[in-house]
Amino acid sequence: MATDEEKKVNICFDDESRIRVLSPEKFKHTEELAEQCTAFVNKIEDFSGTVHVLVEVLDAQAKKIELEKLKAIGQRNMVESETENRARRQLALQSQINEKMAELDRYAKQYQSLARVEAEQLALIEKLSNNET
């Protein structure tokens with residue numbers, strides 16, 4: 001049950017002649033508490049704004065980092081593929097060298113064969129020229 005003091009309603013007038021249910025001390029304490037609450041809410045709003053800005057900055061930095069990571073991965077892949085491309089190019093060039101060497105061999109044998117035929121034909125011409133005279 002409520003005590004006598006709690007049942008007792010204290011009605012008073014303030015400096016501006018308004019009726020108050022609370023005592024001036026309690027009213028003043030209530031106003032101070034309201035001001036503190038307002039100040040606290042303002043600080044929380046400022047903090048929330050600061051956190052929001054920080055989150056935006058961190059998100060922007062995270063996007064930049066991801067972009068740079070992707071670039072680095074792309075460059076690493078290019079380097080790895082360049083090594084493979086060089087090996088492939090080297091094999092292709094070696095194959096081309098082998099083909100050209102085989103072709104050179106073939107031409108050398110053909111030249112020797114033609115030189116022999118020419119020598120035989122010259123010898124035959126010489127022989128026929130000597131027989132006619």
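For the numbers below, each heavy atom of this structure counts, side chains included, while hydrogens, waters and symmetry mates do not.
- Side chains of E35 and T38 form no contact here, defined as non-hydrogen atoms less than 4.5 Å apart.
- Residue Q90 qualifies as open at atom CD: its count of foreign heavy atoms under 6.0 Å is 12 or below.
- Rounded to the nearest 0.5 angstrom, E126 CD and N131 CG are separated by 10.5 Å.
- With S48 contributing its side chain and I44 its backbone, the two residues share no donor-acceptor pair below 3.5 Å.
- Using a 4.0 Å cut-off between a side-chain N of Lys or Arg and a carboxylate O of Asp or Glu, K28 and E31 do not qualify as a salt bridge.
- If you take CZ on R86 and OG on S81, they are separated by 10.5 Å, rounding to the nearest 0.5 Å.
- Distance check, rounded to the nearest 0.5 Å: CD of Q94 to CD of Q96 gives 10.5 Å.
- One distance of note links CE of M78 with CG of N85; it measures 10.0 Å at 0.5 Å rounding.
- Under the 4.5 Å side-chain criterion, counting only non-hydrogen atoms from C-beta, K64 is in contact with Q61.
- A single hydrophobic cluster is not seen to contain both V117 and I125; linkage of ILVMFWY side chains at heavy-atom distances under 4.5 Å, directly or through other members, places them apart.
- Using a 4.0 Å cut-off between charged nitrogen and carboxylate oxygen, E82 and R89 count as a salt-bridge pair.
- Using a cut-off of 4.0 Å between Lys/Arg side-chain N and Asp/Glu carboxylate O, E68 and K71 are scored as salt-bridged.
- Y107 OH to L114 CG: the interatomic distance, rounded to the nearest 0.5 Å, is 12.0 Å.
- Here the straight-line distance linking atom CD of Q110 with atom CD of E103 works out to 10.5 Å at 0.5 Å rounding.
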